[in-house]
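Whatever order the structure lists ligands and atoms in, that order sets their numbers, starting from 1. All figures in this text were calculated on a predicted structure; none of them were measured in a lab.
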Amino acid sequence: MSEHFEWTRVMHELKRRNLRVLRSEQIAPRMQRITVVGEDLEGFVALAPGDHVKVFFPDPAGDGTIFTPARDKEAPAPAGEVIARDYTPFAFCAEGEQGPELDLDFVLHANDSHSGPAAAWAAKAAPGDPLVVAGPRGSLVPPSNIEEAILLADESALPAVTRWLDLLGDTPVVGLFTVDNPETASYLASYEGPSRNFHWVSGEDRADRIKTALEGLNIGERTMVFLAGEASSLIPLRRYLRRELGLPKQQVDAHGYWKKGEANLDHHAPLDPSDPDED
Ligand SMILES: Cc1cc2nc3c(=O)[nH]c(=O)nc-3n(C[C@H](O)[C@H](O)[C@H](O)COP(=O)(O)OP(=O)(O)OC[C@H]3O[C@@H](n4cnc5c(N)ncnc54)[C@H](O)[C@@H]3O)c2cc1C
């Protein structure tokens with residue numbers, strides 16, 4: 001029974017890490033991998049696919065200084081705007097050539113009038129640039145008895161999808177991915193395998209096509225469904241899973257990672273405010 005799906009929360013020491021960019025490389029259309037290094041990464045832990053770090057960026061209109069929140073009530077307030085966004089730790093290497101390394105994969109959506117400071121920073125990041133990273137505060141470790149998984153994501157959640165795939169090993173996976181550019185499929189090329197069935201959907205009607213694809217899948221009691229990406233587009237999918245199919249919340253791991261037209265979405269706010277059962 002799916003109520004036997006048990007998630008385990010593990011808390012970590014919350015550290016604010018002063019790091020610098022080691023390299024920046026394009027890994028797929030509109031996707032940039034930024035590797036940051038620094039002694040402060042010692043002891044970095046990220047155990048679960050949904051782990052995220054808070055990344056602090058310089059104000060694009062400022063002199064490059066990165067402001068972080070005051071550590072306590074007595075400490076002076078920061079002298080400039082604190083700009084922070086959530087990112088998935090794609091990979092951590094404790095023993096890189098220049099010490100511990102952390103890879104963060106950024107969607108470069110900031111190429112029009114709706115630029116965001118994080119994507120704009122990632123597009124220009126160069127070796128030596130400073131970056132401040134805090135967290136993860138904790139890891140929510142998925143159940144160990146998952147028998148199959150459905151991973152549904154847009155570009156912003158592909159790093160989390162790789163973390164799920166690493167965790168799931170040979171467990172059968174159906175991936176439903178909506179992307180602006182079909183060539184983004186190259187991001188998961190090295191993750192393909194016999195137990196994995198990836199579908200890439202682009203175009204104006206992609207939201208409808210993803211819903212149809214989801215409705216065509218058999219979802220058993222030990223199927224884990226992970227959905228993450230643009231918040232509004234996830235609401236009908238989550239409603240289908242929770243209300244129409246009646247799946248319990250331990251089986252449906254849904255997260256709005258960003259919201260069209262809204263800067264710095266608070267991802268702790270309910271994805272679907274009309275749902276009294278929201279966490
Ligand atoms: C737990 C978690 C993990 C995440 N992991 C990653 C990750 O690994 N990689 C990653 O790229 N993102 C990730 N995100 C999403 C990322 O935090 C947001 O996309 C963030 O808003 C980007 O900040 P920004 O400064 O570039 O844009 P903002 O200033 O927040 O927004 C400016 C404008 O850009 C739009 N916008 C924001 N993000 C996107 C997008 N992805 N595509 C198109 N338009 C967008 C907004 O709607 C707004 O109109 C994650 C979010 C969460 C909650």
Side-chain angles (χ1 to χ4, degrees), residues 9 12 24-36 46-62 66-67 81-92 102-125 131-142 151-166 177-181 184 187-188 202 204 206-207 226-234 238 253-271 279:
R9 190 176 292 282
H12 310 302
S24 166
E25 56 186 321
Q26 192 187 7
I27 42 162
R30 293 202 321 152
M31 301 276 294
Q32 197 76 13
R33 177 158 302 152
I34 311 284
T35 303
V36 287
L47 302 173
D51 284 343
H52 49 280
V53 289
K54 191 64 91 182
V55 184
F56 296 90
F57 301 92
D59 182 342
I66 299 175
F67 295 99
E81 191 188 347
V82 176
I83 299 177
R85 301 287 186 269
D86 294 298
Y87 281 84
T88 303
F90 168 76
F92 174 65
L102 176 66
D103 288 341
L104 302 170
D105 288 354
F106 288 78
V107 177
L108 301 186
H109 65 88
N111 52 8
D112 56 21
S113 55
H114 300 292
S115 294
W121 177 88
K124 291 192 186 141
L131 194 68
V132 179
V133 172
R137 189 186 287 273
S139 301
L140 197 51
V141 181
L151 307 178
L152 201 152
D154 68 12
E155 293 93 336
S156 68
L158 290 177
V161 164
T162 68
R163 304 282 318 260
W164 271 105
L165 293 170
D166 288 342
F177 307 124
T178 56
V179 288
D180 266 9
N181 183 338
T184 306
Y187 183 85
L188 290 186
S202 303
E204 292 297 313
R206 60 191 149 181
F226 168 75
L227 314 95
E230 201 282 321
S232 317
S233 68
L234 298 181
R238 186 181 178 284
D253 188 28
H255 304 274
Y257 273 15
W258 63 281
K259 190 170 182 179
K260 215 168 255 180
E262 187 171 324
N264 194 19
L265 171 72
D266 173 9
H267 73 108
H268 295 294
L271 175 68
D279 271 333

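Under a 4.0 Å N-O distance rule, the pair Arg206/Asp180 qualifies as a salt bridge.
The part of Asp105 lying near ligand 1 is the backbone, judged by heavy-atom distances below 4.0 Å. Residue-level proximity to ligand 1 for Glu262 is carried by the backbone, the only part with a heavy atom below 4.0 angstrom. The residue His255 has no part lying near ligand 1, judged by heavy-atom distances below 4.0 Å. If you look at His109 next to ligand 1, the close heavy atoms, those under 4.0 Å, all belong to the side chain. Under 4.0 Å from ligand 1, the heavy atoms of Pro159 that appear belong solely to its side chain.
Residue Gly261 approaches ligand 1 through these ligand atoms, each under 4.0 Å from one of its heavy atoms: 47 (O), 49 (O). In summary, the atoms of ligand 1 found under 4.0 Å from a heavy atom of His267, numbered by their order in the structure, are 53 (C). Close approach of ligand 1 to Lys259 is summarised as follows: ligand atoms under 4.0 Å from at least one heavy atom of the residue are 46 (C), 47 (O). Heavy-atom contacts of His52 reach the following atoms of ligand 1: 1 (C) (cutoff under 4.0 Å). Residue contact check: Ser156 has heavy atoms under 4.0 Å from atoms 5 (N), 6 (C), 7 (C), 8 (O), 9 (N), 10 (C), 12 (N), 13 (C), 41 (N) of ligand 1. Residue Lys260 has at least one heavy-atom neighbour below 4.0 Å for each of these atoms of ligand 1: 47 (O). Of all atoms in ligand 1, numbered sequentially from 1 with element shown, those under 4.0 Å from a heavy atom of Pro117 are 25 (O), 29 (O).
Checking Trp258, Phe57, Phe90, Tyr87 against atom 12 (N) of ligand 1, the nearest heavy atom belongs to Tyr87. Selection from Glu230, Arg163, Arg85, Lys54 by nearest heavy atom to atom 28 (P) of ligand 1 gives Arg85.
Not a single heavy atom of Leu265 sits under 4.0 Å from any atom of ligand 1.
Phe177 is listed as a side-chain neighbour of Leu188, based on a closest heavy-atom distance under 4.5 Å. In this structure, Lys124 and Ser24 have side chains that are not in contact, with every pair of non-hydrogen atoms separated by 4.5 Å or more.
Considering all non-hydrogen atoms of both residues, Tyr87 and Ala119 come closest at OH-N, 4.5 Å. For Leu104 against Thr88, the heavy-atom pair with the smallest separation is CD2-O, 3.7 Å. Across every non-hydrogen atom of His255 and Leu234, the tightest pair is O-CD1, 3.2 Å.
The distance from the CD atom of Gln32 to the CH2 atom of Trp121 is 10.0 Å, given to the nearest 0.5 Å. Separating the CZ atom in Phe90 from the CD1 atom in Ile34 is a distance of 13.5 Å, to the nearest 0.5 Å. Of the inter-residue distances, the one linking Leu158 atom CG with Asp105 atom CG reads 9.0 Å to the nearest 0.5 angstrom. Remark: His52 NE2 to His267 NE2 distance equals 3.5 Å, nearest 0.5 Å. Between atom CG of residue Asp253 and atom CG of residue Leu152 there is a gap of 12.0 Å, rounded to the nearest 0.5 Å. Rounding to the nearest 0.5 Å places CZ of Phe106 at 11.5 Å from CZ of Arg85.
For ligand 1, none of its N or O atoms has an N or O atom of Phe106 under 3.5 Å away. Below 3.5 Å of separation, one finds an N or O of Ala118 facing an N or O of ligand 1. Remark: ligand 1 and Asn264 share an N or O pair separated by less than 3.5 Å (distance only, no angle test). For Thr88, a nitrogen or oxygen atom sits less than 3.5 Å from a nitrogen or oxygen atom of ligand 1, counting backbone and side chain alike. Of the polar atoms of Ala119, at least one N or O is found under 3.5 Å from an N or O of ligand 1, judged by distance alone. Distances between N or O atoms of Val107 and those of ligand 1 include at least one value under 3.5 Å.
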Decide yes or no on side-chain hydrogen bond (donor to acceptor under 3.5 Å, both in side chains) for Asp154 and Thr178, but give the supporting numbers first. CA-CA 5 Å; Asp154 68 12; Thr178 56; 5.2 Å; no
